[in-house]
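Below, all heavy atoms of this structure are taken into account, side chains as well, without hydrogens, waters or symmetry copies. Residue numbering restarts at 1 for every chain, and letters A, B, ... go by the order of the sequence lines. Since we're looking at a predicted model, the values are computed, not measured.
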Amino acid sequence: MEKRSVDSRVRGVSTGTTILAATFDGGVVIGSDSRASIGGEYVSSKTINKVVQVHDQIFCCMAGSLADAQAVTKAAKFHLSFHSVQMETPPLVIAAASVLQELCYNNKEELQAGFITAGWDRKKGPQVGAGRGDSHTGSRDTAVQSNSTYWRVAAVLIPCVPPQVYVVPLGGMLVGQPVTIGGSGSTYIYGYVDAKYKPNMSREECLQFATNALALAMGRDNVSGGVAHLVVITETGVEHVVVPGNKLPKFHNE
Amino acid sequence: MALSNVLHAPAAGFNFDHAARNAELEGLFDAQIPKPVKTGTTIAGVVFKDGVVLGADTRATSSEIVADKMCSKIHYIAPNIYCCGAGTAADTEKTTELLSSNLTIFSLNSGRNPRVVMAVNILQEMLYRYHGQIGASLILGGVDCAGNHLYTVGPYGSVNTMPYLAMGSGDLAALGILEDGYKPDLELDKAKELVRAAIHAGVMNDLASGNNIDICVLTREGVDHIRPYQVSQYKDKRKTKYKYGAGTTAVLTEKVVPVKLEVVEETVQRMDTA
């Protein structure tokens, strides 16, 4: 089908999509569905890979136009690889997210792609998302040791857990959160995520949480579906988990 | 990066200049933007045990007229890489020619056979740069040291890889056949038959696909480009001969004027071809 939609919908192949990332005790789970559609009319691919490795222990999920997202992640991979050679150390997750943010913000007129970045680095441990978003948060004071960071906001020190998942939506904002969801299917699972996510879950609990969330979203969103791709990133390494469509958890009415 | 465009490297970063210009040009045409020749088309590819089989129909349409009944949609890229093209005929032709030239230069420079991923990356970078203005949907298949590969590149620059693919206006018809018949590690005959059936489904069910079916088999041993693999059963027989015999048009007058030529200068240059 060569018809191209001229309205505000994504031109060409769209990832439709449900993407998410969540931190647990000792690592991070990042995952997505695997459906790609054209014009919201038919499924052009049932097994598209939306979880892209941008560095050894940093992964990205893409949403929006597949062409734009693939181009941006390619550029980001290059920048990070170059950056890590220059710094002689693996890049920080926040660096990865910042690279994506720069690309998305500077080209925001032409691009229609959003991302979630998650990974593990030695400085802050497991993180999702990334980046200093807007200037309202004031200056960040990283005076404290390894696991806690203090944010100076209007001269008041607020202790908090360092932002762990980074989300770079359309437009190029950058926000760090312990858990984040994105894509068209995410609207159906905000309630589930808000209710069920707990910080410092175990690896199995977090994997189950992510699988359930993806299954619920895929069940309701027509442009999300296929298999659930999950990647578990910890200090020791990276593990891919693929849950085929028929093995996804079933809920009532299914 | 690397050798994507050997003769002229594009500037770093995204460049959307042409997209703005094209948007402005659209406003200049009052009635309709002139329609380019499209291939309408069913193209498909399947990875089998020893390589890749590519298939395509041979009809090129210009709106409702069949512009070319025996058009070649399986383009040569490299000795081990071929590409099927759907979309605007000129775009697929020129894009694949450009890719082929660049890869030949690369091969000569580096002394290596190109890999399919390299071809895919070059195509992706080029098509993305043009932001969908180049209407080329391509299926690239090839065999290299890393195995048997099949990729699809969309007009906006998205890339996907699968063991079986179909593109073009007849893709859904072909995909039905492929989804039903595909198995991993098919034998050559079964793979050829599967691709033929897929293209045939496109030919039968899509108005813009038709005429004959071409097949191209790529293996480590070489390439077998069978053109046509299946001839259309609806091929028409012309009722009369349209060739005019000598004497059909009467000659009324004849005037012969010899042109006088004078040898002004003659030089002989020996070429050493030893």
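Heavy-atom contacts from other residues, nucleotides or ligands closer than 6.0 Å to CE of A/M87 number 12 or fewer. Environment of OH in A/Y190: crowded, with over 12 heavy atoms of neighbouring residues, nucleotides or ligands closer than 6.0 Å.
In this structure, the side chain to side chain contact (heavy atoms under 4.5 Å, CB included) partners of B/D144, at least two apart in sequence or on a different chain, are B/N80, B/R115, B/V116, B/A146, B/H149. Remark: A/K46 pairs with B/E179 by the salt bridge (Lys or Arg N to Asp or Glu O under 4.0 Å) rule, at least two apart or across chains.
A distance of 7.5 Å separates CG in B/D171 from CD1 in A/I38, rounded to the nearest 0.5 Å. Within the model, atoms NE2 of B/H131 and OG of A/S65 stand 7.5 Å from one another, a figure rounded to the nearest 0.5 Å. Distance check: B/N160 CG to A/Q70 CD gives 7.5 Å after rounding to the nearest 0.5 Å.
At a 4.5 Å heavy-atom cutoff, the contact between B/N121 and chain A is made by backbone and side-chain atoms alike. Of the atoms belonging to B/V159, heavy atoms from both backbone and side chain fall under 4.5 Å from chain A.
Donor-acceptor pairing under 3.5 Å is lacking for the side chains of B/Y156 and A/D68.
Between A/A67 and B/G157, the shortest heavy-atom contact is CB-C, 3.7 Å.
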